[in-house]
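What follows is a set of notes on a single structure, which appears directly below.
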Amino acid sequence: RMIDGFIGQIGGADQVLNIRAYIDDQQEIINNLEGQKQSQEQIYQAKYEECLQLEKKLMQTEVDRENAHKDIRELQKELKKLQAKIQQKDEEYRDLEEDKKKTV
């Protein structure tokens, strides 16, 4: 019986060692998962910041586009004014040419 008790104690000690090894393995898995979680969080943060930058660029592009449309409208107005002046000068020139023909 003493031998049985001693063998039981040895078996118990092996069990404790096995449980401790299992706990260590589980802790290592937890540590690895924590590391992966942190890596994923860093990736997420980088992607989030990239999205913010792209959104900022998009907003600036929209502002630039609207400003370009305003500039185009202003240039079109100026062009119409210049075309009207050219037409007026052409008419004045024709009138002068006709007057010249009449006087000659």
Side-chain angles (χ1 to χ4, degrees):
R1 288 191 175 196
M2 250 176 131
I3 292 176
D4 288 340
F6 183 69
I7 291 173
Q9 286 177 350
I10 291 173
D14 284 346
Q15 244 181 338
V16 168
L17 290 175
N18 287 338
I19 291 170
R20 285 197 180 171
Y22 175 77
I23 290 171
D24 289 343
D25 289 345
Q26 293 303 309
Q27 188 60 50
E28 188 176 339
I29 290 170
I30 290 169
N31 291 342
N32 288 338
L33 289 173
E34 282 293 324
Q36 289 175 9
K37 178 184 170 192
Q38 288 177 355
S39 293
Q40 290 299 317
E41 287 173 347
Q42 289 172 347
I43 291 169
Y44 171 79
Q45 185 63 32
K47 292 292 182 185
Y48 178 73
E49 289 172 11
E50 183 180 348
C51 287
L52 289 178
Q53 290 299 319
L54 289 172
E55 184 177 30
K56 186 177 177 181
K57 283 182 181 179
L58 178 61
M59 289 172 59
Q60 185 59 48
T61 300
E62 289 295 322
V63 168
D64 291 347
R65 186 175 134 222
E66 186 57 36
N67 288 338
H69 283 299
K70 288 178 186 176
D71 290 346
I72 288 169
R73 286 190 292 273
E74 289 297 317
L75 289 171
Q76 286 173 334
K77 287 178 187 177
E78 288 296 319
L79 179 61
K80 285 181 183 179
K81 288 178 188 177
L82 289 173
Q83 287 172 334
K85 283 184 181 180
I86 289 170
Q87 186 176 358
Q88 181 184 0
K89 293 294 180 184
D90 280 348
E91 289 172 8
E92 290 175 9
Y93 178 76
R94 277 190 224 117
D95 290 346
L96 286 173
E97 286 295 314
E98 284 183 29
D99 288 346
K100 189 176 176 182
K101 287 179 185 177
K102 288 179 186 175
T103 57
V104 172

Could you go through the side chain to side chain donor-acceptor pair (under 3.5 Å) check for Gln45 and Glu49 one step at a time?
CA-CA 6 Å; Gln45 185 63 32; Glu49 289 172 11; 3.0 Å; yes

Looking at Lys89, Glu91, Glu97, which one forms a side chain to side chain donor-acceptor pair (under 3.5 Å) with Tyr93?
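Among Lys89, Glu91, Glu97, the one meeting side chain to side chain donor-acceptor pair (under 3.5 Å) with Tyr93 is Glu97.
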
Distance, nearest 0.5 Å, that separates [atom1] of [X] from [atom2] of [Y]:
| X | Y | atom1 | atom2 | answer |
| --- | --- | --- | --- | --- |
| Arg20 | Asp24 | CZ | CG | 9.0 Å |
| Asp99 | Arg94 | CG | CZ | 13.5 Å |
| Asp25 | Ile30 | CG | CD1 | 11.0 Å |
| Glu34 | Glu41 | CD | CD | 8.5 Å |

Distance-only criterion, 3.5 Å: show the donor-acceptor pairs between side-chain atoms of residues 64-86 and protein atoms not counting sequence neighbours.
from  : atom 1 : to    : atom 2 : distance (Å)
Asp64 : OD1    : Gln60 : NE2    : 2.8
Arg65 : NH1    : Glu62 : OE1    : 3.2
Asn67 : ND2    : Val63 : O      : 3.4

Please determine whether residues Leu52 and Tyr44 belong to a single hydrophobic cluster, defined as Ile, Leu, Val, Met, Phe, Trp and Tyr linked transitively by side-chain heavy-atom distances below 4.5 Å.
yes

Evaluate side chain to side chain donor-acceptor pair (under 3.5 Å) for Asn32 paired with Gln36, printing each intermediate quantity in order.
CA-CA 6 Å; Asn32 288 338; Gln36 289 175 9; over 6 Å; no

